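Everything below concerns the one structure shown next.
The first residue of the sequence shown is numbered 1, and numbering continues consecutively from there. Remember, predicted model here, so these are calculated numbers, not experimental data. Computation of the quantities below employed the complete heavy-atom set of this structure, encompassing side-chain atoms and omitting hydrogens, waters and symmetry-equivalent molecules.
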Amino acid sequence: MKCPNCGAEIGRKKSCEFCGTQITLDMQRTQEQLNREGCPKCHSTNIQFRRENQGEIRGKKSKQVVHKTIGFCKDCGYTWFPTGAGQQEPKKNNLWLWVLGWIFIFPVPLTILMLRKKEMKSSLKYGIIAVAWIIYLIIGLTGNSSGKSGNSHTDTSTPTVVESNTITTMVTSEGHIEEIMAFDSIIENMVDEYNSKSNDKLTFVEDFVPSDKRGKHYRTEFRLEAYQDAIGKSYSLNGSTVDFVIHEKFTKEYDIRLYSDGIAIDECKLLISGFSPLLDPNMKASDIDDTIKYIEERREANGYYYGELGLLLLGNDNKGYELMIKTD
C-alpha cells in the first residue's frame, strides 16, 4: 500500500513512517480498488508502485526532497502517477504562458491576479484592471500611428532606380533625384544633333557588341574588362564606317569613343568639327580650329589632346586614315 498523503510505500502499516499520516479503513479500500483497476493503458493487474525522487524544493534555510509514487506496468511498461488514495496528477507547468502574457498582453495576467485577490476591495481591484487596459490600448494606438507616419516617407537608405527605354531615374541615399540617359539614347541623340547641323549625314547600320572577338567591329582594346558591358552602334558616312562605343553602365561618368577606318581627311575634319563639342560641351571653338589646322599640316595626330578629348589620326591620303576621338 502507498500513503495517500505523500505517496510513500507503507505496506500494510497503520501509519506512514515518512509523513505520519494515519491509514484508515476507507484509505485501505481505496488502495485495493486502485490495484484492481490495474494499468490505465492495458488494464493488466501485474503492476507495481514505487516511490521516486522528483527533485528538491530549497528554502532560505532548508530544503525538502520531493517524492512521488509512480505506477509501473510489468506487462506493457507503461508508467503513470496514480490518482487514487489522495494523490493527484502533477499540474502542468504554465509558466511560459504567464511569461508571454506579461510580455505581449500584460493586462491579461494582471487581471487574473487581481481577481484572485479575495481580500482586496472590489473598487480598488477593478480600478487597477481598468487602468492597465487603458495604458495597453494607448500604447497600441500610439505604435500604429507612428508606424504609419514612418511609412509615409520614402525610404532613401539605398538608391532606388527606375529604368525606362531612354532614361534611368535614380533616387540617391540623400533623397536627390538624378536622371541618367540610357547609353543607346546618348549615342542616338548625339548623332541626331550632328545630322541636324551637317550636310553629310550619318546613317545607322547596326548595333554591335564591342567585346565580341568574332565581330567585324572588334578592336584590341575591347579585350579589357571595362568593355565587357559596353554598347556599340555603327553608322555610315559617305560610304565610310563610323563606330561609337560607350561603357561604364549606369554611372554619370562614362567613356565614349568614335572610330573610323579608311576614311578621307576631309571626313575626318567633319567628324572632329561636328562631334568634339558634343563629346565635350565645354570645348572652345578655338581649340577645335587649332586641332583642324594641326591635322591639315601634319596629316597625323598620336597622343594629341584638346579640351577633354584625345585624338588619334594615322594613315595617308592614298589608303585613307584611321581615326579615333575619345573622352579623356
Should we count [atom1] of [X] as having more than 12 external heavy atoms under 6.0 Å?
X    : atom1 : result
I105 : CD1   : no
F204 : CZ    : yes
K41  : NZ    : no

Distance only, no hydrogens: is a donor on one side chain within 3.5 Å (strictly under) of an acceptor on the other, for [X] and [Y]?
X    : Y    : answer
E308 : T327 : no
T203 : Y235 : no
Q228 : H247 : no
R298 : Y304 : no

Between E193 and K197, does a salt bridge (charged side-chain N to carboxylate O under 4.0 Å, His left out) hold up when you go through it step by step? CA-CA 7 Å; E193 189 169 351; K197 300 176 181 179; 3.6 Å; yes
Closest non-hydrogen atom pair, [X] against [Y]:
X    : Y    : value
T241 : H217 : CG2-CE1, 4.5 Å
Y294 : E300 : CE2-O, 3.3 Å
I272 : P277 : O-CD, 4.4 Å
M190 : L278 : O-CD1, 3.4 Å
A230 : P210 : O-CD, 3.5 Å
P107 : T111 : O-OG1, 2.6 Å

Between [Y] and [X], is there a side-chain heavy-atom distance shorter than 4.5 Å?
X    : Y    : value
Y136 : L141 : no
W133 : I138 : no
D212 : Y218 : no

From the list Y259, F275, Y194, ring pair (Phe, Tyr, Trp, His ring centres under 6.0 Å) partner of F244 resolves to F275
For K319 and D261, what are the C-alpha separation, side-chain angles and deciding distance, and is it a salt bridge (charged side-chain N to carboxylate O under 4.0 Å, His left out)? CA-CA 10 Å; K319 294 183 179 180; D261 295 327; over 6 Å; no
Taking it one step at a time, do L110 and I129 satisfy side chain to side chain contact (heavy atoms under 4.5 Å, CB included)? CA-CA 7 Å; L110 180 62; I129 294 173; 5.7 Å; no
Would you check, one step at a time, whether the test side chain to side chain contact (heavy atoms under 4.5 Å, CB included) holds for L258 with D243? CA-CA 6 Å; L258 180 156; D243 291 341; over 6 Å; no
Stepwise salt bridge (charged side-chain N to carboxylate O under 4.0 Å, His left out) test for K326 and D255: CA-CA 7 Å; K326 66 173 184 176; D255 178 28; over 6 Å; no
Side chain of S211, backbone of F222: donor and acceptor closer than 3.5 Å? no
[atom2] on [Y] to [atom1] on [X], rounded to 0.5 Å:
X    : Y    : atom1 : atom2 : value
N238 : K201 : CG    : NZ    : 11.5 Å
I187 : D192 : CD1   : CG    : 12.0 Å
I325 : D280 : CD1   : CG    : 11.5 Å
L113 : I128 : CG    : CD1   : 11.0 Å
S260 : L323 : OG    : CG    : 6.0 Å

When you group the ILVMFWY residues by side-chain heavy-atom contacts below 4.5 Å and let the links chain together, are [Y] and [X] in the same group?
X    : Y    : result
I246 : V209 : no
I231 : L279 : yes
L224 : F208 : yes
L270 : I265 : yes
M324 : L311 : no

I'd like to know whether S273 forms a side chain to side chain contact (heavy atoms under 4.5 Å, CB included) with I292, so could you lay out the CA-CA distance, the side-chain angles of the two residues, the decisive distance to 0.1 Å, and finally the verdict. CA-CA 8 Å; S273 299; I292 296 298; 3.6 Å; yes
List in chain and number order the residues that pass side chain to side chain donor-acceptor pair (under 3.5 Å) with E296, two or more places apart in sequence or in another chain; answer none if no residue qualifies.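 With sequence neighbours excluded, E296 shows a side chain to side chain donor-acceptor pair (under 3.5 Å) to K269, given in chain and number order.
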D287 vs L309, side chain to side chain contact (heavy atoms under 4.5 Å, CB included): CA-CA, chis, key distance, verdict: CA-CA 11 Å; D287 290 338; L309 304 179; over 6 Å; no
Which of I186, L202, D207 passes side chain to side chain contact (heavy atoms under 4.5 Å, CB included) with K233? It is D207
